[in-house]
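Here is the structure we will look at.
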2 protein chains.
Amino acid sequence: MIVLLLYLQVMNQILGNISINVNQKIYLKDPESSDLGKKILSESINMIDNIGFDEFTFRKLAIVISSTEASIYRYFENKHKLLLYLTSWYWAWMEYKLVFAITNIDCPRERLLRSIKLVTEKIQQDGNIPHINEIKLSNILISESAKAYMTKSVGNENKIGAFSGYKKLVQRISDLIIEINPTYKYPHMLVSTIIEGSHHQHFFSDHLPRLTDVVEGEDAIPAFYTQLTLQAIDNVQ
Amino acid sequence: MIVLLLYLQVMNQILGNISINVNQKIYLKDPESSDLGKKILSESINMIDNIGFDEFTFRKLAIVISSTEASIYRYFENKHKLLLYLTSWYWAWMEYKLVFAITNIDCPRERLLRSIKLVTEKIQQDGNIPHINEIKLSNILISESAKAYMTKSVGNENKIGAFSGYKKLVQRISDLIIEINPTYKYPHMLVSTIIEGSHHQHFFSDHLPRLTDVVEGEDAIPAFYTQLTLQAIDNVQ
DNA sequence: GCAAATATAATAGTAACACTATCATTTTTG
DNA sequence: CAAAAATGATAGTGTTACTATTATATTTGC
């Protein structure tokens, strides 16, 4: 427990000096560059977490940050682009956490295990980036991220690099798998199945429990995906 | 090949005499009960497949079926309920296909393999229900089904039974798993991971191929999930 | 075959949403 | 302190998501 707290403190201190970079083509004006921009980020995270992305509007957001719709539109073309920003931020942040979690770990299997744990377990601890609540942001990823990429505009948004953070993370973990088993045929499928799947399972455990096997007090979701992964890569047929 | 065609003919003949039942609480008036209702179903499937659910509106639908918004509202409260109807219909149809596919197959493992194949492979063949194009409907399930249940109203809709078809299908396949390995801890998680995962992989292979490992001409998606399942249930630790 | 019941069409209207435009005011910067 | 940039205030347009009303078909029971 003390080790965990120390680790989080170290993380937070380092995070205090770094910043997560999001593809410039997603926004009109960098929200990290001003107080208003940061308020847009922090309050949109609160609001989307509270009322859901469908009910969220720039008008409602303008009221709670005591600003105007027109001002918000100077940062983001529309609410969909704002969601893309939040998801990109999240994946860049996860990649950072991943690199941090496996640095100096020599054993490839241990590196993979730590990676799976990181992407499948629920975010419980907020970092120290004042305008981003990572717990709420991770809830948004669980409930709303499909709305970010399951659109007819996915091709155009992919072209401007809106999903590169997600793809980089998948690639990193796929590389770990290939390091352990160079003959494994489906590393990307396995990793994207784990990431998307664990989001679904978190959602199901809260709202459609018949679709899951989550037991109170157990870490069933990371345990299930860890087991699945090890069985997949250890048994080459 | 001839066996496949015969099978499909038999299927279609039987489907000609049955009808898929959708929970009555999802609609205001049964769309199967009138010509207008059937037109609403068939054209909404075409339109959602074409322009996506976000761009789809009752006004646009009214124009192409030469009717009015008000008339459509007599069948469905709103477009979200229509999407729930289509997804419920799909899961009921899949359950029917599942029962048909494993009837008279004695070997439990073979029953499971056929089930996995059914839920993970792409629908290629349209049935003979004139107002439902199953290929287009399955595309809608792939691209839009998350919008049906990842909402703030999921709890209420779950109460009225809007997802019971999906849950029944998951339960059926979970039962097959438990029949083969009664000690397996995560049957529901495994099945919902397979179903949601294969939808994602079909979408990714078309739009975000870096997240998958689909190879032209190979049935990578069913192969991957079949392998994953067998490894999961055969290796009890 | 006709009256009654029901379904659909036609039309209109409201509140909210998704923006865009313009201009005034405040804040920042050189 | 002047110029530039950011923000606020206000207004306006077209669309969406409905609801209401009344007229016209169509179906059904007798």
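Letters go in sequence order (proteins before strands), and every chain restarts at 1. It should be emphasised that the depicted structure is a prediction, and the values quoted were computed from it without experimental measurement.
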Contact letters for nucleotides 19-30 of chain C, in which S counts primed atoms plus P, OP1 and OP2 and B counts the base, heavy atoms under 4.0 Å = BBB---------

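Per the geometry, NZ belonging to B:Lys60 stands 13 Å off C1' belonging to D:dA17, to the nearest Å.
A heavy atom lying under 4.0 Å from DNA chain C marks the following residues of residues 30-42 of chain B, by number: B:Ser34, B:Leu36. Remark: A:Thr57 in residues 50-58 of chain A come within less than 4.0 Å of DNA chain C through at least one heavy atom. Taken residue by residue, residues 61-68 of chain A places heavy atoms nearer than 4.0 Å to DNA chain D at A:Ser66, A:Ser67, A:Thr68.
At a threshold of 4.0 angstrom between heavy atoms, the contacts of B:Phe76 with the nucleic acid are absent.
Shown here are the ring-ring contact (aromatic ring centres under 6.0 Å, His included) partners of B:Phe76, two or more places apart in sequence or in another chain: B:Tyr85. Under the rule for a side chain to side chain contact (heavy atoms under 4.5 Å, CB included), the partners of A:Lys60 that lie at least two apart in sequence or sit in another chain are A:Met47, A:Ile51, A:Glu55, A:Thr57. When the ring-ring contact (aromatic ring centres under 6.0 Å, His included) test is applied to A:Phe163, no partner is found at least two apart in sequence or on another chain. With sequence neighbours excluded, the residues satisfying side chain to side chain contact (heavy atoms under 4.5 Å, CB included) with A:Pro187 are A:Ser174, A:Ile177, A:Ile178, A:Tyr184, B:Asp213. The salt bridge (Lys or Arg N to Asp or Glu O under 4.0 Å) search around B:Glu144 returns B:Lys147, not counting sequence neighbours.
Residues A:Ile48 and A:Leu86 have side chains in contact (heavy-atom distance under 4.5 Å, counting atoms from C-beta outward). No side-chain heavy atom of A:Tyr27 sits under 4.5 Å from any side-chain heavy atom of A:Tyr75.
Sorted by first and then second residue, the salt bridge (charged side-chain N to carboxylate O under 4.0 Å, His left out) pairs involving residues 150-159 of chain B (not counting sequence neighbours) form an empty list. The list of salt bridge (charged side-chain N to carboxylate O under 4.0 Å, His left out) pairs with a residue in residues 36-53 of chain B, not counting sequence neighbours, is empty. For residues 136-161 of chain B, every residue pair satisfying the ring-ring contact (aromatic ring centres under 6.0 Å, His included) rule, not counting sequence neighbours, is listed here: A:Phe204-B:Tyr149.
Summarising the local packing, NZ of A:Lys79 is surrounded by more than 12 heavy atoms from other residues, nucleotides or ligands at distances under 6.0 Å. Within 6.0 Å of NZ on B:Lys167 lie more than 12 heavy atoms contributed by other residues, nucleotides or ligands.
The side chain of A:Lys29 places an N or O atom within less than 4.0 Å of a non-bridging phosphate oxygen (OP1 or OP2) of D:dT7.
One finds a salt bridge joining A:Asp206 and A:Lys122 here, because a Lys/Arg side-chain nitrogen approaches an Asp/Glu carboxylate oxygen to under 4.0 Å.
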